[in-house]
Amino acid sequence: MDPLGQFRLTTGLGPLGASVNFTNSNEAMLAAAAIIIILFVLGLRAGALVPGRTQALVEILYEFVHKMCIDTIGEEGKKFFPLVFTLFAFILLGNLIGLFPYFFAFTSHIAVTLTLALFVFIFSTGVGFYTHGFRFLLFFVPKGVPVWLLPLLVPIEIISYLARPVSLSVRLFANMTAGHVMWEVFAGFMLLLTAGLGIFGVIASIIPLGLNVALVALELLVACLQAYVFAILTCLYLHDAVHMH
Amino acid sequence: MNDGRDKDSFEQRLVAARGKAGLDRAKSSASPNSAAAGHNAVNLAMRLGVELVAAMVIAVVIGWGLDKVFHTKPWLMIAMVPVGMAAGLRNLIRAVGPAK
């Protein structure tokens, strides 16, 4: 039993992939991007006034993120919609294809989630400086505070700002990793029961099997929820950068 | 007046009957689906825990780095610990506190 073995990186795409260190994680990323693009090409090809199933799915996704952008960031949210939608779709598809057997959940690696979170963090800080110039530094000065407290409060604000990419990435990574490990552990119980108790163990292992089936539903929820949380926090950070409060 | 009293008693009887049949239960408890509610609680605890620890980690790393620069081995790191705690609590309050 090796519950963490499923996150091990191997090389994909045969000998060519091995020579350039193209990993199975990269394969899953390419698959996620390809699925999104194919889904949108197929869904929008018809362009019907009354959408079919694929077109309805694509339009619901689009409008959901569009509404989230405008509700959270404000009117300026339209400018950031492509970024937020790309992040949301990429993470959602990454989480979802990771749920299938023989696929790799690339969002269960902190290297991937931290890269995404650092990109969001640096981008939103850049947006802040771009819109407000150096007045953006006033973001770290809480309003209505006596001056003698500022030397203490400004470092606190800066650290709580710097903690954003950490909490953003750890949340996604930990949720995905925990779910996948839980699956493997319950599956391991089945092996232990059958090896230890014989025919009675085979019958008893229905219990962990049932739990795993229930966990599939939970993991489906977590996969969608965490993509949503990542996207809405990106929106919140961009809101802070644009409006400074 | 007689008409109004009849109507009132009808409303009362309707509420009583609905309550007996369990039709109004969905309104009183916001989410009857206990699995979803339990998951939300786990999710909340997870989020807040990460929020609290992340600021602490960042503060300690900054203190450790400054110690390396200024050769003041443990002192800046120690000084940053309360700052990190305060920042973590600040994030926590921002996450669950009243909306702006």
Side-chain angles (χ1 to χ4, degrees), chain A residues 71-72 74 110 113-114 117-118 121 140 142-143 145 149 151-179 182 211 214-226 228-230 232-233 236-237 239-240 243-245, chain B residues 29-70 72 74-100:
Chain A
D71 286 353
T72 320
I110 192 138
T113 59
L114 189 63
L118 275 179
F121 175 73
F140 299 113
K143 288 185 193 69
V145 171
L149 266 178
L152 187 64
L153 285 181
V154 170
I156 289 176
E157 286 291 324
I158 290 175
I159 285 171
S160 89
Y161 187 75
L162 290 177
R164 280 173 170 187
V166 178
S167 67
L168 191 61
S169 58
V170 168
R171 190 178 300 129
L172 177 60
F173 141 80
N175 269 293
M176 296 316 291
T177 306
M182 213 139 66
L211 277 171
L215 272 179
V216 173
L218 183 70
E219 284 307 303
L220 203 60
L221 175 72
V222 168
C224 299
L225 199 70
Q226 288 304 316
Y228 170 72
V229 165
F230 199 98
I232 201 151
L233 282 173
L236 265 180
Y237 297 163
H239 168 92
D240 282 352
H243 297 288
M244 269 184 68
H245 57 72
Chain B
S29 65
S31 79
N33 191 347
S34 64
H39 176 259
N40 279 348
V42 169
N43 204 39
L44 188 71
M46 169 98 204
R47 211 180 83 205
L48 300 183
V50 169
E51 212 68 81
L52 203 57
V53 172
M56 188 76 178
V57 169
I58 290 286
V60 168
V61 167
I62 288 174
W64 183 76
L66 288 178
D67 271 341
K68 279 220 151 182
V69 174
F70 296 121
T72 50
W75 299 113
L76 285 176
M77 194 170 95
I78 293 170
M80 287 304 264
V81 166
V83 178
M85 280 175 173
L89 283 173
R90 182 90 181 78
N91 274 347
L92 202 67
I93 291 166
R94 219 178 254 152
V96 290
K100 290 177 267 191

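Protein chains get the first letters and strands the later ones, always in sequence-line order, with residue 1 at the start of each.
With a threshold of 4.5 angstrom between heavy atoms, B/Arg90 approaches chain A through side-chain atoms but not through N, CA, C or O.
When each of A/Val166, A/Val229, A/Ile156 is scored by its heavy-atom pairs under 4.5 Å with chain B, the top score falls to A/Ile156.
Note that CZ of A/Arg164 and CD of B/Glu51 are 9.5 Å apart. Values are rounded to the nearest 0.5 Å.
For a heavy-atom cut-off of 4.5 Å, chain A lies close to B/Ala54, B/Ala55, B/Ile58, B/Ala59, B/Ile62 in residues 54-67 of chain B.
A/Arg171 has its side chain within reach of A/Leu233: a pair of non-hydrogen atoms, C-beta onward, lies under 4.5 Å apart. Side-chain contact check for A/Val170 versus A/Ile110: some heavy-atom pair is nearer than 4.5 Å. Looking at A/Ile158 and A/Leu162, their side chains come closer than 4.5 Å, going by heavy atoms from C-beta outward.
The two residues B/Asn91 and A/Ala163 come nearest to each other via the heavy atoms ND2-CB, 3.9 Å.
Residues passing the ring pair (Phe, Tyr, Trp, His ring centres under 6.0 Å) test with A/Tyr161 are A/Phe121, A/Phe139, A/Phe140, sequence neighbours excluded.
Counting heavy-atom neighbours within 6.0 Å of A/Met182 CE, excluding the residue itself, gives a total above 12.
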